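Have a look at the structure below, then the notes.
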Amino acid sequence: QVPLVESGGGSVQAGGSLRLSCAASGYIGLRYCMAWFRQAPGKEREGVARIWPGNGSTYYVGSVKGRFTLSRDNSKNTLYLQMNSLKPEDTAMYYCAAREDYCSGEVAAYNYWGQGTQVTVSS
């Protein structure tokens with residue numbers, strides 16, 4: 001259920017931008033929280049941003065506030081993460097995730113995951 005497919009990752013120099021996409025099956029806007037997580041080698045998977053179903057309220061982890069912007073196109077069943085002013089510490093595998101109803105910052109709360117897309121930021 002709710003297959004998720006990420007795209008848009010790549011290699012960029014510090015200060016550059018990338019736009020990640022997460023394509024989902026079905027209509028997710030009103031029922032599922034959609035979120036982006038990231039995981040660097042040797043690090044725990046952390047929540048980057050998430051958007052609540054229905055009202056579209058968003059959350060960003062402090063380290064990306066002012067640089068990343070989360071959006072959702074319900075007609076295309078796609079979640080986007082616009083990443084600007086990228087820093088080397090943003091380097092990680094980025095995963096799209098979903099769970100029914102309310103959002104959570106915990107990895108274990110999400111039962112639908114994409115395959116991940118690699119983001120590499122060089123200095």
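What you see is a predicted model; the values in this text were computed from it and never measured. Hydrogens, waters and symmetry mates play no part in the numbers below; they use all other heavy atoms, side chains included.
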Check against side chain to side chain contact (heavy atoms under 4.5 Å, CB included), Val48 and Tyr59: CA-CA 8 Å; Val48 177; Tyr59 166 85; over 6 Å; no
Check against side chain to side chain contact (heavy atoms under 4.5 Å, CB included), Asp101 and Arg31: CA-CA 5 Å; Asp101 296 323; Arg31 291 185 60 88; 5.5 Å; no
Gln39 and Glu44: side chain to side chain contact (heavy atoms under 4.5 Å, CB included), yes or no, with the steps? CA-CA 6 Å; Gln39 186 168 23; Glu44 295 183 347; 5.7 Å; no
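Inter-residue side-chain proximity for Glu6 and Leu20 is flagged as unmet; no heavy-atom pair is nearer than 4.5 Å. Counting only heavy atoms from C-beta outward, the side chains of Thr78 and Arg72 never approach each other to under 4.5 Å.
Distance check, rounded to the nearest 0.5 Å: CZ of Arg38 to CE of Met93 gives 14.0 Å. Put simply, CG on Asn77 and OG on Ser25 are 7.5 Å apart, with the number rounded to the nearest 0.5 Å. Atoms OG and CG, from Ser21 and Leu4 in turn, are 12.5 Å apart once rounded to the nearest 0.5 Å. Put simply, CD on Glu46 and OG on Ser63 are 5.5 Å apart, with the number rounded to the nearest 0.5 Å. Residue Leu79 holds its CG atom at 5.0 Å from CG of Leu70, rounded to the nearest 0.5 Å. Within the model, atoms SG of Cys96 and CD of Gln115 stand 9.5 Å from one another, a figure rounded to the nearest 0.5 Å.
Tyr95 and Gly116 make their closest contact through CD2-CA, 3.6 Å (heavy atoms, listed as atom of the first residue, atom of the second, distance). In plain terms, the two heavy atoms of Pro53 and Tyr32 that are nearest each other are CB-O, 3.7 Å. Scanning all heavy atoms of the two residues, the minimum distance from Ser85 to Asp90 falls at O-OD2, 4.5 Å. Nearest heavy atom pair, residue Tyr60 against residue Ala49, reads CD2-CB, 3.7 Å. Smallest separation of non-hydrogen atoms from Val12 and Ser17: CG2-N, 4.0 Å. The minimum heavy-atom distance between Arg50 and Ala35, with the atom names listed, is CB-CB, 3.6 Å.
Within a 6.0 Å sphere centred on CD of Gln82, other residues, nucleotides and ligands contribute more than 12 heavy atoms.
Here the two rings, on Phe68 and Trp36, have centers that are 6.0 Å apart or farther.
Residues Val119 and Tyr80 do not share a hydrophobic cluster, defined by chaining ILVMFWY side chains whose heavy atoms lie under 4.5 Å apart. Linking Ile, Leu, Val, Met, Phe, Trp and Tyr residues whenever their side-chain heavy atoms come within less than 4.5 Å places Leu81 and Trp52 in a single cluster.
For Tyr94, there are no ring-ring contact (aromatic ring centres under 6.0 Å, His included) partners, not counting sequence neighbours.
Within the 3.5 Å criterion, the main-chain N or O of Thr91 finds no donor-acceptor partner in the side chain of Thr120.
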